[in-house]
Amino acid sequence: MSSIAVNRSTSLKPRPSDDQLQFGTVFTDHMFVMDYSEGKGWHDPRVQPYQPFAMDPATAVLHYAQAVFDGCKAYRGGDGVIRFFRAEKHAERLNQSCERLCIPQLDPAMILESFQALVKVDQDWVPRKRGTSLYLRPTVIAAEPFLGVRPAKSYLYFLILSPVGPYYAEGINPVKILATDTYVRAVKGGTGAVKTAGNYAASIYAAEEAKHQGYTQVLWLDGVEHKYLDEVGTMNIMVKIGDEVITPPLSGSILPGVTRDSILSLCRDWGLKASERQISIDEVVAAARGGTLAEMWGTGTAAVVSPVGELGYKGEKIIINQGKTGPLTQKLYDAIVAIQYGETNDAKGWMSVLR
Ligand code: COI
């Protein structure tokens, strides 16, 4: 593996206080960059001062969105140790996204090294307050200036860091989501199972409509029948009906969420019935009417575990658990956060320490 050059910034920025942190609004002093060119492969890994890119207006990513990203978090525990949550899984998913977008994959060890190298240089930016973290955004974009539609011949990998607070303005309080049967996010065979920029661009219109109706995010239904739950704007969705925790299966149109996988694993450890199966919006509505819809929550790196207090569908408002955070949602949130901050035994080996 090539060694990583480090060029430190000479003018450091002021850091916001932990109490003011929102999601993705401030960035640290440095960034990690690496280039790809045909014949040479990935080369020249480096940490450099955070700065804008100069780009030819014909650069492929600006026209055809050949771009993938991921999102991982580093936490500072009460013991002062900085730990990454499931970094290997994020590196693996970034490469899966690359493959689907015809982008040359990276050496997973180099992705992990980029996390280590950059967070090491900017470690003072990892916030201290519980509920805050340092969000890592590894991204790969097509860098060739060319207007034909084909895989680019050059790429740029970059990693930026942002100290963050809660993703939602609601914090850990329940959010309201609106199920849409007008717009679709993805269909099997499309790009819904990977983290590519275009998925998010295509989601904004419906998200804005939902916002105008007072909802925080869209609950996407399947793209064929508009019947089965897929996922929410920036998170996977889980419901508890009776004693069963249900989340849609990884059948090609939803993201294989790292937090989704972790929460399923915790539920199963606790002896709960956690099913990955299709669940229709009609089943959710019927459970709500029948009094068995106990809880609903979303999972995601940015969102962690976010309770859902209201579901809108066809003009109806379904209030879940009286609009309050349910007991299992709270227990799952507490358990995963305790692991992330190094407060409990990391029995599953999910955390890796900043060296
Ligand atoms: C994440 O949870 O890391 C995401 O990628 C959501 C983001 C689009 C805000």
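One-based numbering, in listed order, for ligands and for the atoms of each.
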In terms of ring plane angle, is the pair Phe69 and Tyr200 parallel, tilted or perpendicular, where the classes change at 30° and 60°? tilted

Say whether Met235 and ligand 1 are in contact under the criterion: heavy-atom distance to a ligand atom below 4.0 Å. no

Per-atom contacts, ligand 1 versus Tyr135 - under 4.0 Å to a heavy atom: 1 (C), 3 (O), 4 (C), 5 (O)

Atoms of ligand 1 less than 4.0 Å from Phe69 heavy atoms? 5 (O)

State yes or no: do Tyr333 and Val258 share one hydrophobic cluster built from I, L, V, M, F, W and Y residues joined by side-chain heavy-atom distances below 4.5 Å, directly or via other members? yes

Of all protein heavy atoms, the one nearest atom 8 (C) of ligand 1 is Tyr200 CE2, 3.5 Å

Atoms in ligand 1 flagged as close to Gly71, the criterion being non-hydrogen separation under 4.0 Å: 3 (O)

Can you name the atoms of ligand 1, numbered from 1 with element, that are less than 4.0 Å from a heavy atom of Tyr167? 9 (C)

To the nearest 0.1 Å, how far is atom 6 (C) of ligand 1 from its closest protein heavy atom, and which atom is that? Thr234 CB, 3.9 Å

Could you check Leu118, Val164, Leu161, Asp122 and say which one makes a side chain to side chain contact (heavy atoms under 4.5 Å, CB included) with Leu134? Leu161

Could you tell me which atoms of ligand 1, counted from 1 in the order shown, lie closer than 4.0 angstrom to a heavy atom of Ala302? 1 (C), 2 (O), 3 (O)

Provide the number and element of each atom of ligand 1 under 4.0 Å from a heavy atom of Arg137. 5 (O), 7 (C)

Student check: side-chain heavy atoms of Phe85 and Ser262 closer than 4.5 Å: yes

Side chains of Gln330 and Asp334 only: does a donor on one sit below 3.5 Å from an acceptor on the other? yes

Could you please spell out the steps behind the side chain to side chain donor-acceptor pair (under 3.5 Å) verdict for Ser9 and Asp29? CA-CA 7 Å; Ser9 172; Asp29 291 310; 5.3 Å; no

Audit row: Glu244, Ser275, side chain to side chain donor-acceptor pair (under 3.5 Å) steps and yes/no: CA-CA 7 Å; Glu244 185 187 14; Ser275 312; 2.5 Å; yes

Could you identify the single nearest non-hydrogen protein atom to atom 5 (O) of ligand 1 and state the distance to 0.1 Å? Lys195 NZ, 2.7 Å

